Amino acid sequence: MKLIYNVEDKMSFGKMVVFAIQQLLAIMAATLVVPMIVGHGMKSEAALFGAGVGTLVYILFTKKKSPVFLGSSFAFLGSMAAAFAGGVSMEVGYLGLILGAIFAGLVYVVIAVVVKVVGVEWINKLMPAVVIGPTVAIIGLSLAGNAIGDLKSGEVFVDKVQLASPLATIFCGLVTLFVTILCSTFGKKTLKLIPFIMGILAGYVVAMVMTLIGNAAGIDALKVMSFDALTGLVKNADGEFAITLGTFFAVPEFTFMTAIGGFGEITGSYIGTVAVAYIPVAFVVFAEHIADHKNISSIIERDLLEEPGLSRTLLGDGVGSIAGAIFGGCPNTTYGESVGCVAITRNASIVTIMTAAVGAILISFLSPFVAFVNSIPSCVMGGVCMALYGFIAVSGLKMIQKVDLGQNKNLFVVSTILIAGIGGLSVSFGKVTLTSIACALILGIIVNVMLSKAKPEETEE
């Protein structure tokens, strides 16, 4: 793939801002939704701030050579819920979120030290293309259900029943997808580099027009979009019209501000509970870290595990995750959506990622922008994610283009990973869950090791 902007390339200020907004739109929905799922008063704006800080830390550790954005990790949802288990106070729970991220980050630090001492060749032997390629594909394919689910989702409910017709939501999502595809394929100059922005805006406008018509004509099937996030800007707690400073600016409620009050209540047993909930998951996310970096390496045609080195990417991810949790409560991880955005736009400039990180920090204070993002219908993001997740899957399949699938050894490895991943094989040990991606990768490694001594002539059909 020929990049339009390589890692070290720069562009004009205007383009830099536009490209950064596109990166933000690609990762923002997932980053904002994690604290919403966990609940307990966690704020999406704080998580966005933490993602920006974590990404800047990651860029610092990787010497500005790895164009990846860090966002809130879904893998730690169970761990974060465990921080609030047992009826602990909110202050203790928030302190647990930070302690848990520190435990997980320390796992990355330890692995980074090991990698620094022994090198990365063992990683390449343990996870060659025949293993890592289908695993990357699974990362995209495992999210397919989320994209299609969003594509069918409206935002207006009565008695928990969606009003919008699935045909209406799918139409909005497909408009988003088609505009994204057309801009990426036939767009000229800047338009070719911002297909997601154009797609989201097109889908947003269509959803808004359909909803306004639905409201005016009383056609529930057309009520795709909710305006609550936007109207909430100009309403007070009593629902009355009011424009205040908070309409434009609001300081996020950072996790550490609440966690401070938990120091006097925390116990040793609670710390142990948090450690058990977070540390095993960190090893699972480590596998996804490898897959993401192998993927972005294939896109930019530079082996990031060699330069800046796996030890640096691990440190950046681990320390960045701790920094993100201090502010937003959510451990961070490298985002497949960000990698997909790089692949589709062919813009790998680290300046874009840095600007997106700074933008995330600034935007977390801007109430109108956060409200706008929250008002984007799920079906519109579903259309975008069809392209993003698809590109992740295709990137993985490209990695095995040179793998000889005529050999049973390779065929068994790839098929095991694909079926385990697509089938959704996951295993739970108490509060720790091995995701389908982790299970698929582990099984792939085992099968590959089992057949490593097989001679080519013994496995040919």
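Keep in mind that this is a model prediction, so the values were computed, not measured.
- Shown here for Thr55 and Leu70, the closest heavy-atom pair between the two residues is OG1-N, 3.0 Å.
- Side chain of Ser72 to backbone of Thr31: a donor-acceptor contact under 3.5 angstrom is found.
- The shortest heavy-atom contact between Ala83 and Gly96 is CB-C, 4.1 Å.
- Aromatic rings from Phe254 and Phe327 are positioned such that their centres are separated by under 6.0 Å.
- For the 3.5 Å distance criterion, the side chains of Thr352 and Asn347 qualify, holding a donor opposite an acceptor.
- Of all heavy-atom pairs spanning Val38 and His40, the tightest one is O-CD2, 3.3 Å.
- To the nearest 0.5 Å, atom CD of residue Gln407 and atom CG of residue Leu451 are 10.5 Å apart.
- Annotation: the span from Ile417 atom CD1 to Ile442 atom CD1 amounts to 11.0 Å, rounded to 0.5 Å.
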Test side-chain contact (heavy atoms from CB on, under 4.5 Å) on Phe49 and Lys43 and set out the steps. CA-CA 10 Å; Phe49 185 99; Lys43 300 299 181 182; over 6 Å; no
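- Counting heavy atoms from C-beta outward, Glu8 and Val351 have side chains that stay 4.5 Å or more apart.
- Closest of all the heavy-atom pairs between Ile322 and Ala101 is CG1-O, 3.4 Å.
- Using a 3.5 Å distance cut-off with no hydrogens or angles, the side chains of Ser321 and Tyr108 do not pair a donor with an acceptor.
- The distance from the CD atom of Glu155 to the CG atom of Asn374 is 10.0 Å, given to the nearest 0.5 Å.
- The local environment of NZ in Lys116 is sparse, with at most 12 non-hydrogen atoms from other residues, nucleotides or ligands closer than 6.0 Å.
- Inter-residue side-chain proximity for Lys409 and Asn448 is flagged as met; some heavy-atom pair is nearer than 4.5 Å.
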Apply side-chain contact (heavy atoms from CB on, under 4.5 Å) to Leu304 and Ile300, showing your working. CA-CA 9 Å; Leu304 295 175; Ile300 65 177; 3.9 Å; yes
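- For the residue pair Ser142 and Tyr389, no side-chain donor N or O sits within less than 3.5 Å of a side-chain acceptor on the partner.
- Defined by atom type and a distance below 3.5 Å, a donor-acceptor pair is present between the side-chain atoms of Asp292 and Thr334.
- Atom CD1 of Ile27 sits about 11.5 Å away from atom CG of Leu388, to the nearest 0.5 Å.
- No donor-acceptor distance shorter than 3.5 angstrom exists from the side chain of Tyr278 to the backbone of Gly105, with no hydrogens or angles considered.
- At least one side-chain heavy atom of Ser349 sits less than 4.5 Å from a side-chain heavy atom of Met11.
- In terms of modelled atom types and a separation under 3.5 Å, the side chain of Thr176 and the main chain of Gly383 share no donor-acceptor contact.
- Among pairs with a residue in residues 54-71, those fulfilling salt bridge (Lys or Arg N to Asp or Glu O under 4.0 Å) read Lys63-Glu307, Lys65-Glu307, at least two apart in sequence or across chains.
- Residue Phe412 qualifies as open at atom CZ: its count of foreign heavy atoms under 6.0 Å is 12 or below.
- With Asn332 contributing its side chain and Asp317 its backbone, the two residues share no donor-acceptor pair below 3.5 Å.
- Centroid-to-centroid, the aromatic rings of Phe372 and Tyr204 come within less than 6.0 Å.
- In this structure, the side chains of Thr333 and His289 stay at 4.5 Å or more apart for every pair of heavy atoms.
- Taking 4.5 Å as the limit, some side-chain heavy atom of Phe196 sits within range of a side-chain heavy atom of Thr180.
- Here the CE atom belonging to Met28 is positioned 12.5 Å from the CD atom belonging to Glu337, to the nearest 0.5 angstrom.
- Side-chain contact between Leu310 and Ile290 is present, with heavy atoms from C-beta onward closer than 4.5 Å.
- Residues Val34 and Ser73 form no side-chain contact, since every pair of their non-hydrogen atoms from C-beta on lies 4.5 Å or further apart.
- Taking a cutoff of 4.0 Å between a charged side-chain nitrogen and a carboxylate oxygen, Glu301 and Arg346 do not qualify as a salt bridge.
- Taking SG of Cys341 as the reference point, atom CD1 of Ile194 lies at 11.0 Å (rounded to 0.5 Å).
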side-chain contact (heavy atoms from CB on, under 4.5 Å) for Ile59 and Ile353? Distances and angles first, verdict last. CA-CA 9 Å; Ile59 291 172; Ile353 305 298; 3.8 Å; yes
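- Put simply, the side chain of Thr169 gets close to the backbone of Leu151: a donor and an acceptor are under 3.5 Å apart.
- Between the side chains of Gln22 and Thr345, no donor-acceptor pair of N or O atoms lies under 3.5 Å.
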Should Val68 and Tyr58 be marked as a side-chain contact (heavy atoms from CB on, under 4.5 Å) after you check the CA-CA gap, both sets of side-chain angles, and the distance that decides it? CA-CA 9 Å; Val68 181; Tyr58 172 82; 4.2 Å; yes
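- The two residues Ser79 and Ala277 make their nearest non-hydrogen contact at OG-O, 2.6 Å.
- In plain terms, the two heavy atoms of Val136 and Ala291 that are nearest each other are CG2-O, 3.4 Å.
- Checked against Val179 for a side-chain contact (heavy atoms from CB on, under 4.5 Å), the options Ile181, Leu177, Val175, Leu182 give a single hit: Val175.
- When side chains are defined from C-beta on, Arg302 counts as touching Val7, because their heavy atoms get closer than 4.5 Å.
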